[in-house]
**Q** 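Shown below is the structure under consideration.
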Amino acid sequence: MVVSVRSWVANEGGKHLVLVLWLGANTWLFLRTFLLYSTGQQYYYLYKMLGLGLCISRASAAVLNLNCSVVLLPMCRSLLTYVRGTHTVSSRKTRRLLDKSKTFHVACGVAICIFSVVHVSAHLVNVVNFSVSYSDDFPALNVARYRGEVRHTLPGVTGVLLVLILFLMFTASSYCIRVSNYEIFWYTHNLFIVFYIILMAAHPPGCLRANQSSPEQQGEELEQSEDEERRCREEAHFQPHCPQTWLWVSGPLCLYCAERFYRYIRSSDPVTIVTVIRHPCNVIELRMLKRDFKARPGQYIVLNCPGVSSFENHPFTLTTCPTENKETFGIHLRVVGDWTERFTELLLPEQGIASEILPMVQQRRYPNNGWVGFRLRRLYFVWVCRELKSFYWFAELLCALHHKLWQENRPDYLNLRLYVSQTDKLQSMSEEKYRPLSSRLLVGRPRWKLLFDEIGKTNKHNRVGVFCCGPKSISRTLHRLCNSARYSGTTFEFNKESFS
Amino acid sequence: MGKIEWAMWANEQALASGLILLTGGIVGVAGQFRGWQFAAYGVAAGVFVCLLEYPRGKRSKGTSVERTGQYCFTVCVKSFGPLTRNYYVRAFLHAALCVPGGFMLATVLGCVCLGISSLIYLGAAIHGEQWMPILPQKEQTRKPVGESIKNPPQNPPPRPPAELRRKRVEDLEGAAYVNPIAVTAND
């Protein structure tokens with residue numbers, strides 16, 4: 001499929017720019033440290049003993065410092081939400097970039113793994129070279145105590161521990177494990193606390209020493225090319241290397257700890273469940289109340305129910321946000337795994353009866369100020385379900401919205417397309433009040449290309465935002481279609497939401 | 001915690017340990033370290049473990065995601081029957097393979113990682129899990145088409161009488177008729 005430059009830049013440009021900047025920073029740091037150790041005067045003897053292994057190990061250590069510090073930043077979700085919500089700082093491009101924070105975290109994690117392998121391999125070579133280059137002539141310059149020694153040092157042992165922790169974290173983070181057994185991923189990933197403690201406290205080498213030249217000595221060495229007989233007057237000796245890791249890592253680590261503390265404080269306020277409604281196809285709607293809770297459409301909340309499990313937190317997109325008239329907020333949750341099953345058992349102990357725990361009269365109020373101030377000019381809502389009964393989850397909301405728009409003489413604002421993908425039995429919505437839905441019902445999966453063609457033709461030279469929430473195959477198809485070149489002047493911006 | 005499939009995690013770990021063992025072995029052989037024979041063993045053991053662990057097993061519940069190009073490996077591994085299906089065998093095999101790696105610095109990491117994955121395989125075996133190959137599904141037989149399609153209707157559909165059908169150009173109002181299907185404003 002031919003790629004349209006304008007659409008590609010709109011969808012992929014920001015991401016690739018950040019990638020190039022990050023790769024550039026890593027490369028610059030690697031090369032700078034490499035050159036420092038290979039040409040620096042103060043590392044002359046060390047370089048002679050260890051050769052390339054020294055430069056590669058220290059350069060990869062510098063890159064690891066950078067990535068270990070930066071990897072924590074995309075996980076400060078409250079901070080990112082705050083930055084994303086301010087109008088002065090962020091434009092839509094920045095907001096869409098911030099949405100991809102998890103991808104950046106994964107990229108840094110992969111870089112940490114790759115450079116750990118490089119670092120460990122280079123240090124293996126160093127250990128051998130230290131023992132091979134044991135010299136009787138310069139006893140002060142030996143790290144090994146005798147020829148052929150493999151010495152156990154604190155950085156060596158802590159390095160092995162760090163690699164083991166990294167191994168456990170990395171092997172549990174693959175996509176299929178996250179999708180099938182999220183708990184394994186979650187509990188192993190929390191080992192990062194141990195990783196950082198060891199990294200900051202015990203790993204940086206106190207004993208990997210470099211000889212520090214005195215200033216006069218440096219000056220003399222520069223003149224060595226002229227006068228070969230001039231040598232360093234001072235005896236060479238080793239001095240401890242100043243560890244730098246804590247400089248890099250402590251800032252983001254403190255920020256992340258502050259973020260977790262803030263989340264904990266915010267979550268200590270209890271939440272009251274006001275209504276529980278059972279919908280067909282195993283879906284429960286939950287309405288809740290919490291003091292000082294503000295949310296905007298599109299945000300998600302994370303639920304923790306100590307009665308089910310103290311450590312599990314599950315994200316759910318908000319389906320009802322609190323407004324000035326109504327304070328309750330709501331989610332729809334589908335009963336699929338063991339946590340949701342036990343949660344539902346706690347809420348609705350009797351089978352088959354939809355009960356309301358606290359009856360409360362609720363009125364739906366829409367914004368009264370009309371539609372003028374909004375940037376959105378038209379909304380195409382495409383919903384694909386396996387069974388017809390799933391549409392009942394939001395049937396009333398959709399019909400009410402449809403009627404309101406018709407009354408305000410904006411019939412083309414909302415375009416509903418409902419698709420039932422299971423074509424075995426003939427299904428229909430027979431209720432009269434759901435007429436707007438049943439007449440917009442189509443059987444079979446949507447043909448995305450035709451849909452995009454139609455939307456492109458009717459909205460020429462406009463920007464269309466595509467928001468996808470669904471399985472990977474659909475989101476891949478939509479992403480590809482958004483980048484392709486078939487639509488006259490229309491740019492499709494792709495956004496997707498996924499929690500795994 | 002619910003039903004966790006430990007074998008899937010053990011498989012990822014074993015594959016990664018095989019790669020670590022292979023890398024450590026290559027470094028050991030290339031640098032001609034003391035005891036490089038263990039490094040050479042590490043290379044061979046690493047390759048073997050990677051080949052054995054590359055094909056993912058089928059999940060007991062839910063959809064299984066294959067690794068790219070794993071079909072030929074699946075066929076090879078499946079041909080060993082109960083030796084590869086049983087996770088006890090795999091656990092002990094990995095435990096045995098990892099021991100020689102511990103004698104040399106370059107391969108010690110691979111040894112420890114393979115040991116950990118062997119322990120998790122043991123846990124999976126105790127939970128009663130088994131390795132099932134992911135094979136391509138056979139074509140689902142189409143539902144047989146109903147018999148009535150073979151007998152098309154003999155008569156044409158009913159029509160109004162001939163006087164009503166004839167178009168009366170001079171009488172436009174008489175040519176109009178009520179549409180049998182109601183047209184609503186919502187369509």
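Letters A, B, ... are given to chains in the order of the sequence lines, protein chains preceding strands, and every chain is numbered from 1. Keep in mind it's a predicted model, so treat the numbers as computed, not measured.
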**Q** If you tally heavy-atom pairs under 4.5 Å against chain B, which of A/Ser121, A/Gly156, A/Ser180 wins?
**A**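 If we count pairs closer than 4.5 Å to chain B, A/Ser180 comes out on top.
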**Q** Within residues 8-17 of chain B, which residues come under 4.5 Å of chain A, heavy atom to heavy atom?
**A**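 Residues B/Met8, B/Trp9, B/Glu12, B/Gln13, B/Ala16, B/Ser17 are the ones that qualify, each having a heavy atom under 4.5 Å from chain A.
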**Q** I'd like to verify something: which residue of B/Val65, B/Leu109, B/Thr23 has the highest number of heavy-atom pairs under 4.5 Å with chain A?
**A**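 Going by pairs under 4.5 Å, I would pick B/Leu109.
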**Q** Does any backbone or side-chain atom of B/Ile26 lie under 4.5 Å from a heavy atom of chain A? Answer side chain, backbone, both or neither.
**A**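 For B/Ile26, neither part sits under 4.5 Å from chain A.
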**Q** With a 6.0 Å cut-off (strictly less than), is the heavy-atom count around CZ of A/Phe170, excluding the residue itself, greater than 12?
**A**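 Counting other residues, nucleotides and ligands, CZ of A/Phe170 stays at 12 neighbours or fewer.
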**Q** So, using ring pair (Phe, Tyr, Trp, His ring centres under 6.0 Å) as the criterion, who are the partners of B/Tyr41 when residues are at least two apart?
**A**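 Ring pair (Phe, Tyr, Trp, His ring centres under 6.0 Å) list for B/Tyr41, sorted by chain: empty.
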**Q** May I ask you to check whether over 12 heavy atoms, not counting those of B/Tyr71, lie within 6.0 Å of atom OH?
**A**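 Open: at most 12 neighbouring heavy atoms sit under 6.0 Å from OH of B/Tyr71.
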**Q** Taking everything shown except A/Phe311 itself, do over 12 heavy atoms lie less than 6.0 Å from its CZ?
**A**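 Incorrect, the count does not exceed 12.
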**Q** Please check this pair: side chain of A/Asn181 against backbone of B/Glu5, looking for a donor-acceptor N/O pair closer than 3.5 Å.
**A**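 Such a contact is found between A/Asn181 side chain and B/Glu5 backbone.
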**Q** Going through the checks in order, is the side-chain contact (heavy atoms from CB on, under 4.5 Å) test met by B/Val112 and A/Val160?
**A** CA-CA 10 Å; B/Val112 177; A/Val160 170; 5.6 Å; no
**Q** To the nearest 0.5 Å, what is the distance between CZ (A/Phe167) and CG (B/Leu19)?
**A**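 Here the interatomic distance stands at 10.0 Å.
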**Q** Are there residues of residues 113-125 of chain B whose heavy atoms fall under 4.5 Å of chain A's heavy atoms? If so, which?
**A**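 Listed by number: B/Cys113, B/Ile116.
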**Q** Between A/Ser309 and chain B, which part of the residue has a heavy atom less than 4.5 Å away: side chain, backbone, both or neither?
**A**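 Interface part for A/Ser309: neither.
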**Q** Does A/Arg445, at its CZ atom, have more than 12 non-hydrogen atoms belonging to other residues, nucleotides or ligands within less than 6.0 Å?
**A**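 No, CZ of A/Arg445 has 12 or fewer neighbouring heavy atoms, counting only those of other groups under 6.0 Å.
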**Q** If contact means a heavy atom pair closer than 4.5 Å, which residues of residues 76-90 of chain B contact chain A?
**A**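 Answer by number: none.
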